[in-house]
2 protein chains.
Amino acid sequence: MTISEVSRLYNISADTLRYYEKAGMIPPVGRTDGGIRDYGEADCSWVELAICLRSAGLSVEAIAEYVRLSLEGEDTITPRLLLLKEQRELLMGKYEKMRLAMERLDYKILKYEQAQKSGVLEW
Amino acid sequence: MTISEVSRLYNISADTLRYYEKAGMIPPVGRTDGGIRDYGEADCSWVELAICLRSAGLSVEAIAEYVRLSLEGEDTITPRLLLLKEQRELLMGKYEKMRLAMERLDYKILKYEQAQKSGVLEW
DNA sequence: CCTTGACTTAAAGTGAACTTCAGCCTATAT
DNA sequence: ATATAGGCTGAAGTTCACTTTAAGTCAAGG
């Protein structure tokens, strides 16, 4: 698979794919004889993981660290597990903040809808 | 309340509070005769709302727009409601992405824990 | 009076995550 | 063979949300 195919597949720019690789968020992708990236299944899985975690707000840094450990071999299972758990905690914190904000928005939306129906804004 | 008190209360720097005001994320704060900011209850509520929405990922721009409409008067209820609903949708999208990433992390964590127990990494 | 903390504008700096650019190379179709 | 579409690189540029700096003025308390 070429970079533009992967780009279309995951709806992410080719530039960003190259950037992700350079930043270490995915392991180095295989190349053709001419030096052009040729994404295999494993490469795609890494890309997918990176996109999923980034879109949830994990830092480039954290994802790169996980990949770095993964490439280092099986001795790194413990630190990898630690990293994943830490990131999960971080995510949980953000999740909670979002839930709170959403509750707040819902309350306001409700109030505005009531005001709109009754034509009154006192509350 | 002085700016430093509000700063301590919400754990946000005085600089950021001034920035939020300048950016329109909160309405202009009342002043003493000497021109020093004096935060009242309403000001604090605005600050709280701004912090809550920012921490959930709403843009400075969107929050400022909501405040701008609020200050414009009661004629703006409809656009305000629209704005809140739009932002809620945006938030929902992010929320969903986070849920997905969390599921993925949980799956990986589980696998790593199993691997750690059995001493095997094949999966 | 003097210190401490608040005020101003305007601009530069920071860090994160891309994005764009310039200039060159590869692949494929004609 | 050549045109053209797409890929490569490193470096510089952009955007967002602050944060800091400069270079002052002003105010409240001991």
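No experiment lies behind these values; they were computed from the predicted model shown. Lettering follows sequence order; numbering is per chain, from 1.
- In terms of phosphate contacts, A/Ser13 brings a side-chain nitrogen or oxygen within less than 4.0 Å of OP1 or OP2 of C/dT19.
- In the region residues 21-31 of chain B, proximity to DNA chain D at under 4.0 angstrom, judged on heavy atoms, holds for none of the residues.
- You'll find the side chain of B/Leu9 reaches within 4.5 Å of the side chain of B/Met1, heavy atoms only.
- Residues B/Leu91 and B/Leu58 meet the side-chain proximity criterion, which asks for heavy atoms closer than 4.5 Å.
- For the strand DNA chain C, secondary-structure stems (runs of at least three Watson-Crick or G-U pairs, all distances below 3.5 Å) span C:1-30 with D:1-30.
- Checking the phosphate oxygens (OP1, OP2) of D/dA17, no side-chain nitrogen or oxygen of B/Tyr20 falls inside 4.0 Å.
- Atom CD of A/Glu5 is separated from atom C1' of D/dG7 by 13 Å (rounded to the nearest Å).
- Within residues 42-60 of chain B, no residue has any heavy atom closer than 4.0 Å to DNA chain C.
- A donor atom on one side chain and an acceptor atom on the other are not found under 3.5 Å apart for B/Ser7 and B/Ser4.
- Using a 4.5 Å heavy-atom threshold, the side chains of B/Trp46 and B/Ser70 count as touching.
- For A/Tyr20, the ring-ring contact (aromatic ring centres under 6.0 Å, His included) criterion is met by no residue, not counting sequence neighbours.
- Under the 4.5 Å side-chain criterion, counting only non-hydrogen atoms from C-beta, B/Leu17 is not in contact with B/Glu21.
- Distances from the side chain of A/Tyr19 to the nucleotides C/dC18, D/dT19, D/dG7 place C/dC18 closest.
- Between the side chain of B/Glu96 and the backbone N or O of B/Gly93 there is no donor-acceptor pair closer than 3.5 Å.
- The phosphate of D/dG7 (OP1 or OP2) has no side-chain N or O of A/Arg18 nearer than 4.0 angstrom.
- In this structure A/Lys85 satisfies the salt bridge (charged side-chain N to carboxylate O under 4.0 Å, His left out) test together with B/Glu113, sequence neighbours excluded.
- With 3.5 Å as the limit, one finds no donor-acceptor pair spanning the side chains of B/Tyr66 and B/Arg80.
- B/Asp43 contributes no side-chain N or O that, together with a main-chain N or O of B/Val29, makes up a donor-acceptor pair within less than 3.5 Å.
- A distance-only check finds a donor-acceptor pair linking the side chain of B/Ser55 to the backbone of B/Ile51 [under 3.5 Å].
- At least one donor-acceptor pair closer than 3.5 Å links the side chain of B/Ser118 to the backbone N or O of B/Gln114.
- In this structure, A/Arg37 reaches the sugar-phosphate backbone alone: every heavy-atom distance under 4.0 Å involves primed, P, OP1 or OP2 atoms, never a base.
- Taking for each of B/Thr16 and A/Ile3 the nucleotide of DNA chain D with the nearest heavy atom, the 5'-most of the two is the partner of A/Ile3.
- Remark: A/Thr2 is not in phosphate contact with D/dG6, judged by side-chain N or O atoms under 4.0 Å from OP1 or OP2.
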Using the 3.5 Å cut-off, write out each protein N or O paired with an N or O of nucleotides 20-30 of chain C and the distance between them.
none

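- Salt-bridge annotation for B/Asp38 and B/Arg31: absent, with no side-chain N of the basic residue lying under 4.0 Å from a carboxylate O of the acidic one.
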